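Throughout, a chain's letter reflects where its sequence line sits, starting with A, and its residues are numbered from 1. The shown structure was predicted, so the numbers you read here are calculated from the model rather than taken from an experiment.
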Amino acid sequence: MKLLSTRTALVLIYSLLLVLGLVAFTVKYFNNASAWVQYPTNRHLYANGKLHSSGTIYDCSGSILMQMVDGTTEFNKDKTVRTAVMHATGDVNSNVATGAQAVFRDRLTGWDIINGAYRFNNKLSSRSDLTLTLDADLCATAYKELDGRRGTVGVYNYKTGEILCMVSTPSFDPENPPDVEANPEKYEGVYINRLFSSAYTPGSVFKLATAAAAIDHLNNVENNLYHCDGKLQIGGDMVTCPSAHGEVTIEQALANSCNTAFAQITLDLGADRLQKYADLAGFNSRLEVDGIKTAIGKVNVADVEGADLAWAGIGQYTNTANPLNFMAYMGAIANDGVRITPRILADQGIFSFITTSVEKKRVLSAETAEKLGKMMRNNTISTYGEGNFRGLELCAKTGTAEVGGGKQPHAWFAGYLDREDFPLAFVVIIENGGSGSRAAAPVAAKVLQAAVR
Amino acid sequence: MNDFLEIMKQLLEGYLTKFTDIFVNMENFPAPLEVASELYTLVVRWVFPILAAAIFLRCILPLLQNGKEKAVWGYLCMTDGTRTPLKNWENLIGRSKFSDIVINLPFVSRSHAVLTFHNGVWSIADLGSKGGVKVNGRKIEKQEIVDYGDTLSLSGVEMALAPADAEPPKGLLQKNDTVSTPPSGRHIRTGATLFLILIFLILGSIQICFSMGTQVNPAVPLTLLIFILAMCLHYIFMRWFSRKYFELELLCYFLCGLNLLIVASAAPNSLYKQLAAILTGIVVYTVIKMIIGNLGRAHKLKYFLMASALVLMILNLALGETYFGAKRWINLGFITFQPMEFVKIAFVLAGAATLDRLLTTRNMTAFIAFSGACIGTLVLIRDFGTAVVIFGTFIVIAFMQSGDLRTIALVTAGAVFGSTAVVSFMPYIASRFAAWGNVWDLANTSGYQQTRTMIAAASGGLLGVGGGNGYFKYIPAADTDLVFGMLSEEWGLLVALTVVLTIVFIAVYAVFLTKNSRSSFYAIAACGAASIFLIQTALNVLGSVDILPLTGITIPFVSNGGSSMIASWGLLALIKSADGRIRPE
């Protein structure tokens, strides 16, 4: 019988195969169940292919941004508000991949892996409602200030991570969706939330990453003088500057956005250090905003030298930046070098202390952040004009990113408020908007004044 | 770890908000019945997985302890004074470590002889050893009857056969004599386990009744009640009249109970039929166990079984009716049944009986021909799932008989080649293979059943939406071929997984039994039946969730279907017969 019992191994192999299959299914289940359950024939959630109920999405002050009444999706009463937050909520047909309606669909439809689609008393529980960190009125202000231009505005609290303002244009009124395909130019990339999902040439705002490297690695950099006569010959190539700035310190070079000085600084630093500080500033990696992944801004100067490297150090060459990620770098400078990952969900739940700790990462030393902050404050005082940003304690940097092809440059304005009561960092980008100080800075001023009101 | 915490968080939050919601929503209830129904489901959906896990664990633990209190049929007394108990009806004697009685002397052959106990008579057979076998000093040719007190000599190694009940002579050492060892480990009371099953079924049937609202089908409470009574009676019967363990039966009661709950939700009109099938199944189980308890009878039964199986197959081919693309049913006017379900039992018994004695006769031709006939018939009636089941089981039985891996590999390769040819010629089965792995692209055509199963499983979550509250039951074959989806949706993934693990466990248990089973017949029969359970479950569960191609096949005991239920109990009898262990008083 012993002999026979060794031959029963085949049955054990069958058992093992069945168990392995079961494990494979369980893994598949945990990864995909939330997608399976949303299949439109699922009568637990859908009737005739349409969701039959969904939780309500609120803004931080309790205004309804989106709700479902008797199987119909309704948005905020105010047309400007609902247009401004369209990318945050998502539209009726879930075209916006990063919209709350698509990203948090599990929660809005009351599904979770433990309870499945079970609903007590056939009603969604209050847990299905979402409160976003957004301030609907602030978003509306930003939308109005963008005034039909393509671009994005983001404002977030660099101590708590809450995103207060998130607007991306072009947008549309989700209650009356336009025929996007009939008007491709007007609605170019209308379903993309530019704050999360785009990557633009950064231009001069990138000098904030280069400057951080210079503060840490160049001896006595604050007292060094750089000569600018409007252009710098590197090998056979030329780096140009809008005007001849003469002898400038790094602080003046940042305030005047002097390309020549920063080209020299970049060459002094070398490719490796520039790459390291770009990576620290959040390039080449994505952030996750409550599970929403941002696009990646790229800086790759590993094998780059000469004029290309110099252009990379002043935010041109092949550099790209994701707006939200760059805004978080502004927050890191403001917050003594510690970057708090932005978030969009206000209610993390009663038991949030179990899982949600604010996600932090030190990207700069406290001294470096402080020195950089002082230079950014000086930018406002000496160049942008304190009078344009009265009371904001603004620390900022403009960017005018050349995009080539005969098009206007992208206008950038990014920075933060050095205020205890309003610890806000921001980014404003206007596509092909021209000069950063002329196009983007006034939008930021209006939005920030509204934010501190 | 983070995932775990996330789940814990959801769990706590979910329930806190639910409790506040209860009070908020209370005034919106239209009727007190609905209040009760909603509150009931809210609570019991947590109870079912806990009960299922408890029942499962309470049944597997004692079975895995694999009691050492095992019958001894005789002793071999060596010349050095040691006494070796003979625990099987077939004992291989030789030098090989796979022998039941190892004699590690160079002049003894690796597999020297087999000592067999058959119909109360011991006999010894020479397996072509070099040194030969002598009984009372006389060399034997092939096989010779041995009486108690006779002296056996294997290549000169002498030993004497003594009866089991003989008192050990004083001063003799007892070698490996564990007959009197008390059972080790914790004692788990089967009565309490039965009680847990009972609670599960009562709570479950109340849940189903609640889900029917004001129009409760009286069949639901009635059939569940009769089933519970029958289950208790059978249990008491076993306690009084059998000294065997009965955890195996308890697990099957549990599966049958779930079967009734599934049927109550999906097809309440078939409840009485299904109950009748379960009761018939228990009777069939008892009868088969009694018949094959006598080994001689079981061997004689072989030809009768093969003949009746052939008749059934011919009838199926001639009179079969086609549903869902397979010609599987025979309609006798008052009853419809699937003959191939019963052919399975005959198949396993015939396979087991082909081997007369351990390592002696290998007359496999008849069995191979019979297997060919079965698979041929199944292909003709387009029941490819069952064909795979029979083939997989054939491999197990053939390997246990011959131990010849090479031949088995050859046969498997041939079968794979053959089935590839079949698949390419049959568009119906080819389309299933085409859907395999990309069912979501074909969600409304050939991937319909699989996608709906996965949607249902996802909708149920780990705890299920509550028995009777699902929508999956309206999909064709939800309670048979796709029953895993229904289990997951209404009773939760945890219960569904427990069900599959229960069947895996029954099979693993059958393997454990073979170590101590009396005869190779029982060992092979048990493993054959276990293979059928395993392959059916694998094809059903993994097929319905697109891990394997979908085939129309049932989960033993769980799927709706009378023939399948009765056949499952019949196969269980084959596993149970291998259990030679005696329950302690």
Contact part of B:Leu534 toward chain A, heavy-atom cut-off under 4.5 Å: side chain, backbone, both or neither?
both
Is chain B contacted by the side chain of A:Ser34, its backbone, both, or neither, given a heavy-atom distance below 4.5 Å?
neither
Quick one about A:Gln38 and A:Thr109 (side-chain donor to acceptor, distance below 3.5 Å, no hydrogens or angles considered), yes or no?
yes
We want to know whether B:Glu489 and B:Ser459 form a side-chain donor-acceptor pair, criterion being a heavy-atom distance below 3.5 angstrom.
no
Are B:Thr514 and A:Arg7 close enough that a side-chain donor and a side-chain acceptor fall under 3.5 Å?
no
Which of residues 9-22 of chain A get closer than 4.5 angstrom to chain B, counting heavy atoms alone?
A:Leu10, A:Val11, A:Leu12, A:Tyr14, A:Ser15, A:Leu18, A:Val19, A:Gly21, A:Leu22
Part of B:Tyr474 within contact of chain A (heavy atom distance under 4.5 Å):
side chain
Crowding at CG, A:Asn31 (>12 non-hydrogen neighbours, <6.0 Å)
yes
Candidate pair A:Asp59 and A:Ser61, rule side chain to side chain donor-acceptor pair (under 3.5 Å), full reasoning
CA-CA 6 Å; A:Asp59 88 336; A:Ser61 58; 3.1 Å; yes
Does any non-hydrogen side-chain atom of A:Tyr39 lie less than 4.5 Å from one of B:Thr451?
no
Greatest number of heavy atom pairs closer than 4.5 Å to chain A - which of B:Ser488, B:Ala458, B:Gly492:
B:Ala458
B:Tyr522 portion near chain A, given a 4.5 angstrom heavy-atom threshold:
neither
For B:Thr41, is it the side chain, the backbone, both, or neither that has a heavy atom closer than 4.5 Å to a heavy atom of chain A?
both
If I measure from the heavy atoms of chain A, does B:Ile395 come under 4.5 Å with its side chain, its backbone, both, or neither?
both
B:Ile535 portion near chain A, given a 4.5 angstrom heavy-atom threshold:
side chain
Classify the ring geometry between A:Phe25 and A:Tyr29 as parallel (under 30°), tilted (30 to 60°) or perpendicular (over 60°).
tilted
Best-contacting candidate, B:Leu493, B:Thr537, B:Val541, against chain A by heavy atom pairs under 4.5 angstrom
B:Leu493
Is it the case that the side chain of A:Arg339 and the backbone of A:Ala332 share a donor-acceptor pair, with hydrogens and angles ignored and the cut-off at 3.5 Å?
no
Spacing of A:Gln101 atom CD and A:Met66 atom CE [to the nearest 0.5 Å]:
4.0 Å
Does a side chain donor of either A:Asn157 or A:Arg343 reach within less than 3.5 Å of an acceptor in the other side chain?
no
Contact residues of residues 42-57 of chain A (partner chain B; heavy-atom separation under 4.5 angstrom)
A:Asn42, A:Arg43, A:His44
For chain A, which of B:Trp440, B:Tyr471, B:Phe399 has the most heavy-atom pairs under 4.5 Å?
B:Tyr471
Quick one: what part of B:Asn469 sits under 4.5 Å from any heavy atom of chain A, side chain, backbone, both or neither?
backbone
Name the member of B:Val504, B:Asp546, B:Val511 that forms the most heavy-atom pairs with chain A at distances under 4.5 Å.
B:Val511
Check whether NZ of the Lys or CZ of the Arg B:Arg45 lies under 6.0 Å from the centre of the six-membered ring of A:Tyr118 and within 45 degrees of that ring's axis.
yes
Find out whether A:Cys60 and A:Leu134 are in side-chain contact, i.e. whether some heavy atom of one side chain is under 4.5 Å from a heavy atom of the other.
no
Sub-3.5 Å donor-acceptor pair from the side chain of B:Trp46 to the main-chain atoms of B:Leu463, do we have one?
no
Measuring heavy-atom distances to chain A, does B:Val545 have an atom under 4.5 Å in its side chain, in its backbone, in both, or in neither?
both
Do B:Glu90 and B:Ser520 have side-chain atoms, one donor and one acceptor, less than 3.5 Å apart?
yes
If we only count heavy atoms from C-beta on, is the A:Phe75 to A:Thr89 side-chain gap below 4.5 Å?
yes
